*Asks:* 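Input: one structure, supplied below.
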Amino acid sequence: MQTLRLLCDYFPTAIFTGRCLVFISEDWRVELTEHKDSDFSRGSAQPSLIRVRIFKKALNGEFVPHFYEDFQLHVLGELAEQIEKYVQSAIGTNLRENVE
């Protein structure tokens, strides 16, 4: 959860639920979850895997899965930039400003 806490500082509109970062609007929901590699046989520590899941609001008002992608970059700033570009391309808005 350490990486998610750091990403929360990068995305000021994010809400940290204790298990994920959430960005929500009328039409979209974006969730970032952190997954640790459980393979202890590797010599060097790998960065956490951050899964970005994007949900679109259906006609019935429920959010349904739309896209997802996994990110695993060592440098936090680069990780945040790539996540931001991915989400911006998928939903057409900037996470740092507001999900609309």
Side-chain angles (χ1 to χ4, degrees):
M1 295 299 156
Q2 181 65 24
T3 305
L4 287 182
R5 289 184 187 278
L6 295 171
L7 285 172
C8 194
D9 292 336
Y10 187 85
F11 299 114
T13 60
I15 299 164
F16 183 61
T17 68
R19 70 169 193 87
C20 68
L21 280 181
V22 177
F23 308 86
I24 194 160
S25 72
E26 286 187 31
D27 298 320
W28 298 98
R29 176 183 173 97
V30 179
E31 292 180 357
L32 279 66
T33 54
E34 184 172 356
H35 305 273
K36 291 281 188 185
D37 189 1
S38 61
D39 183 2
F40 296 111
S41 65
R42 294 186 183 177
S44 62
Q46 293 291 318
S48 295
L49 183 130
I50 303 297
R51 176 162 288 169
V52 178
R53 296 177 64 200
I54 299 176
F55 301 83
K56 184 167 177 63
K57 187 178 267 186
L59 294 174
N60 65 2
E62 293 186 26
F63 288 102
V64 294
H66 199 57
F67 298 111
Y68 85 90
E69 190 63 49
D70 294 334
F71 293 83
Q72 192 171 25
L73 301 167
H74 285 280
V75 179
L76 184 67
E78 184 181 354
L79 174 65
E81 288 174 11
Q82 295 303 314
I83 289 171
E84 185 175 18
K85 284 197 301 191
Y86 172 75
V87 173
Q88 189 169 354
S89 295
I91 67 175
T93 191
N94 188 323
L95 287 178
R96 292 184 64 164
E97 294 170 4
N98 199 358
V99 178
E100 295 179 0

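Positions are given from 1 along the sequence. Quick caveat, the model's predicted, so the values are computed rather than measured.
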*Asks:* Mind listing the closest non-hydrogen atom pair of Gln72 and Pro47 along with its distance?
*Replies:*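 Heavy-atom minimum between the residues: NE2-O, 2.7 Å.
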
*Asks:* What distance separates Ile24 CD1 from Glu31 CD, expressed to the nearest 0.5 Å?
*Replies:*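 If we round to the nearest 0.5 Å, Ile24:CD1 and Glu31:CD are 8.5 Å apart.
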
*Asks:* Test side-chain contact (heavy atoms from CB on, under 4.5 Å) on Ile83 and Phe11; report intermediate values, then the result.
*Replies:* CA-CA 10 Å; Ile83 289 171; Phe11 299 114; 4.3 Å; yes

*Asks:* For residues Trp28 and Lys56, determine if any side-chain heavy atom of one lies less than 4.5 Å from a side-chain heavy atom of the other.
*Replies:*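 The answer is yes, as the side chains (C-beta and beyond) meet within the 4.5 Å cut-off.
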
*Asks:* In Å and rounded to the nearest 0.5 Å, what is the CG to CG distance from Leu49 to Leu73?
*Replies:*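 Going from CG on Leu49 over to CG on Leu73, the span is 10.0 Å.
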
*Asks:* Show the nearest heavy-atom pair for residues Glu34 and Leu4, with the distance to one decimal.
*Replies:*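 So the minimum-distance heavy-atom pair works out to OE1-N, 3.2 Å.
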
*Asks:* Just wondering, do Val52 and Tyr86 contact through their side chains at under 4.5 Å, heavy atoms?
*Replies:*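 Heavy-atom side-chain distance check passes, below 4.5 Å.
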
*Asks:* Hey, what do you get for CD (Gln2) to CG (Leu7), rounding to the nearest 0.5 Å?
*Replies:*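 With rounding to 0.5 Å, CD (Gln2) is 10.5 Å from CG (Leu7).
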
*Asks:* Indicate if Tyr68 and Phe63 have the same hydrophobic cluster label, given that clusters are the connected sets of ILVMFWY residues with side-chain heavy-atom separations under 4.5 angstrom.
*Replies:*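 No: no chain of side-chain contacts under 4.5 Å links Tyr68 to Phe63.
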
*Asks:* To the nearest 0.5 Å, what is the distance between CZ (Arg5) and OG1 (Thr3)?
*Replies:*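 Output value for this atom pair is 11.5 Å.
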
*Asks:* Stepwise, does the side-chain contact (heavy atoms from CB on, under 4.5 Å) test hold for Arg53 with Phe55?
*Replies:* CA-CA 7 Å; Arg53 296 177 64 200; Phe55 301 83; 3.3 Å; yes

*Asks:* Mind checking whether Glu69 and Phe67 have side chains closer than 4.5 Å, heavy atoms only?
*Replies:*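 No. Closest side-chain heavy atoms not under 4.5 Å.
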
*Asks:* What distance do Ile91 atom CD1 and His66 atom NE2 have between them, rounded to the nearest 0.5 Å?
*Replies:*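 One finds 10.0 Å between CD1 of Ile91 and NE2 of His66.
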
*Asks:* What's the spacing between Ile50 CD1 and Thr33 OG1 if we round to 0.5 Å?
*Replies:*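 Interatomic distance, Ile50 CD1 to Thr33 OG1, rounded to 0.5 Å: 7.0 Å.
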
*Asks:* Let me see the working for Lys57 and Asp27 under salt bridge (Lys or Arg N to Asp or Glu O under 4.0 Å), right down to the final yes or no.
*Replies:* CA-CA 5 Å; Lys57 187 178 267 186; Asp27 298 320; over 6 Å; no

*Asks:* Quick check: is Leu6 connected to Val87 through a chain of hydrophobic side chains (ILVMFWY, heavy atoms under 4.5 Å apart)?
*Replies:*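 Val87 and Leu6: one cluster.
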
*Asks:* Please report the shortest heavy-atom distance between Cys8 and Ala14, naming the atom on each side.
*Replies:*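 In terms of heavy atoms, the two residues are closest at SG-O, 4.3 Å.
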
